[in-house]
Every structure is written in structure tokens, then in C-alpha cells.
Amino acid sequence: MRTQIVAGNWKMNKNFAEAEELIGAIASEMEDKQLKCEVVLCPPALYLEMASDYADESDFFVGAQNVSEHDEGAYTGEVSAAMLNSVDVDFCIVGHSERRKYFHEDNYMLANKVNRLLDHEIITIYCCGEVLEEREKNIHFDIVEQQIKESLFHLSEDEFSNIVLAYEPVWAIGTGVTATPAQAQEMHAFIRKVIKNKYGEEAAESTTILYGGSCNAANAKELFSQADVDGGLIGGASLKAEDFLTIANSF
Ligand code: PEP
């Protein structure tokens with residue numbers, strides 16, 4: 001069976017005290033729950049070390065929201081994969097649509113980020129997904145395939161086993177408009193086929209593919225019940241412990 005994951009992308013929210021309160025609440029509420037998935041918290045970079053300290057005593061993993069494409073050096077403001085590794089970060093989101101849009105990250109730059117994470121044994125959560133106009137033009141499958149090929153298909157099969165995919169239709173992120181379970185399943189099955197064509201059946205069947213985009217406590221169960229949906233990457237609904245844990249309990 002594939003690893004099921006629910007990951008919370010906090011984006012640029014919470015001050016230090018609020019972050020500690022939320023991490024503490026999630027850690028303590030997780031104690032009474034027998035979750036069927038791995039839980040990953042992705043707070044802003046400033047709070048990663050604190051999150052790792054809590055994770056040492058709890059049952060969740062820590063993820064970063066971004067990493068530099070460079071190893072080290074004169075890149076003011078950047079955080080390297082080695083730095084993430086040094087505070088025990090387990091996962092890192094790469095290719096979120098907000099980074100593609102506001103920071104002009106393209107598929108080839110994202111491939112470099114994936115390489116840096118592999119060098120430091122951090123699992124990549126690679127985001128892909130089309131904007132509304134691309135879906136309306138019926139080119140959403142081509143767009144997603146291209147994103148995956150250009151950022152990931154230079155990897156060996158062994159390296160690819162360190163990748164988690166997250167299908168996040170851009171029109172569903174932060175909008176309250178969720179993909180229907182059928183739309184999510186259709187794209188997830190397509191992504192699995194693209195992986196199969198490159199790396200074979202075993203790799204395709206063992207790759208975790210998350211759905212992201214206005215997933216919440218009310219709709220998670222139906223989305224996660226789809227055959228090829230292995231969990232979620234959660235934005236807004238990850239900022240409240242109760243909602244987030246309801247989602248993590250939706251398998
Ligand atoms: C995200 O930012 O990855 C996301 C899925 O956001 P939201 O859940 O708020 O749509």
C-alpha cells in the first residue's frame with residue numbers, strides 16, 4: 001500500500017508564538033488519534049527548528065516550503081538544502097504555484113531544487129497543476145505532463161522514489177473552489193500513467209500523489225476515497241489544529 005500523507009502548507013502565516021501554539025496543539029491532539037497517514041507540517045522557514053524539536057517528541061514530520069537551487073554562497077535571503085537538513089527537515093515543497101507565479105520559478109529551476117534536496121536526503125513534494133485558462137482550453141493534461149517531465153524525469157528510478165507529487169489545480173488554490181473528486185481522480189490517474197511510462201508499473205504504483213486546492217474538513221473524505229488520491233496538501237485549512245486533524249483523519 002502507498003504511503004498516505006496529509007501535509008499542511010502554512011504559507012506566510014503566524015508569528016513565532018502563534019506557530020508554537022499551533023504546532024503544540026497538533027502534537028497534543030495527535031496523541032489520541034490513530035491516524036492512517038503521515039502528517040507533515042510545513043511552517044515558514046523561521047520556525048522549522050522549533051517544529052523539529054516538537055517532532056522529536058511527537059509523530060509528525062517537518063517540511064519546508066522552499067529551498068534554494070544553489071548549494072551555498074552569495075545568495076542573500078536564500079536557505080539551502082544543507083541548512084534544512086541541519087535542522088532535521090524531512091520534506092520540502094517545490095514548485096508551488098505561488099512560487100511559479102510570484103517568484104518566476106520555471107520547471108528547469110525546480111529541477112535544480114529537486115537535485116539539491118536529493119543531495120541532502122530531503123523528500124520533495126513536487127507541485128504541478130494547470131491554471132483555469134489551460135483547463136478551459138483542454139490542455140491541462142499536457143501542462144501537468146510537461147511540468148513533471150521537465151522537473152523530474154532527469155532522475156533515476158531510485159532517485160524518483162524520493163518524490164511525492166501534489167496535483168494542485170491553480171484555480172482551486174485558496175479560492176474555495178475544489179476540484180470534484182472525479183476531476184482529481186482523472187488527473188491523478190493520468191499522472192500515474194505518465195510515471196509508469198517513464199519508470200514502470202512498480203514505481204507508478206508506489207508513488208504518493210496528493211491533491212491540493214481548497215481541500216477542507218468537509219470535502220477531504222470524498223477526495224481521499226478516490227483510488228489514486230493518496231492524501232492532501234492543505235493550505236488554509238492547515239492553520240487550525242482541529243480542521244487539519246479532521247482532514248488527516250479522513251482516510
Ligand atoms: C496550497 O497552498 O497548497 C493549497 C492547497 O491552499 P488551499 O488549501 O488554501 O487552497
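Just so you know, ligand 1 is whichever comes first in the structure, and atom 1 is the first atom listed for that ligand. All figures in this text were calculated on a predicted structure; none of them were measured in a lab. Note: hydrogens, waters and symmetry copies are ignored here, and every other heavy atom, side chains too, is used.
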Residue contacts for ligand 1, heavy atom to ligand atom, distance under 4.0 Å: Asn9, Lys11, His96, Glu168, Ala172, Ile173, Gly174, Gly212, Gly213, Ser214, Leu233, Ile234, Gly235, Gly236
Salt bridge (charged side-chain N to carboxylate O under 4.0 Å, His left out) contacts touching residues 85-99 (sequence neighbours left out): Lys11-Glu98, Arg99-Glu105
No-hydrogen, no-angle side-chain donor-acceptor test under 3.5 Å, Asn107 and Lys149: no
Listed once per pair and sorted, the ring pair (Phe, Tyr, Trp, His ring centres under 6.0 Å) pairs that draw on residues 85-111, sequence neighbours left out: Phe61-Phe91
Qualifying ring pair (Phe, Tyr, Trp, His ring centres under 6.0 Å) pairs, either residue in residues 125-146, two or more places apart: Phe141-Phe190
His188 and Tyr211 aromatic ring geometry - parallel, tilted or perpendicular at 30°/60° bounds: tilted
Ring centers of Tyr199, Phe153 separated by less than 6.0 Å: yes
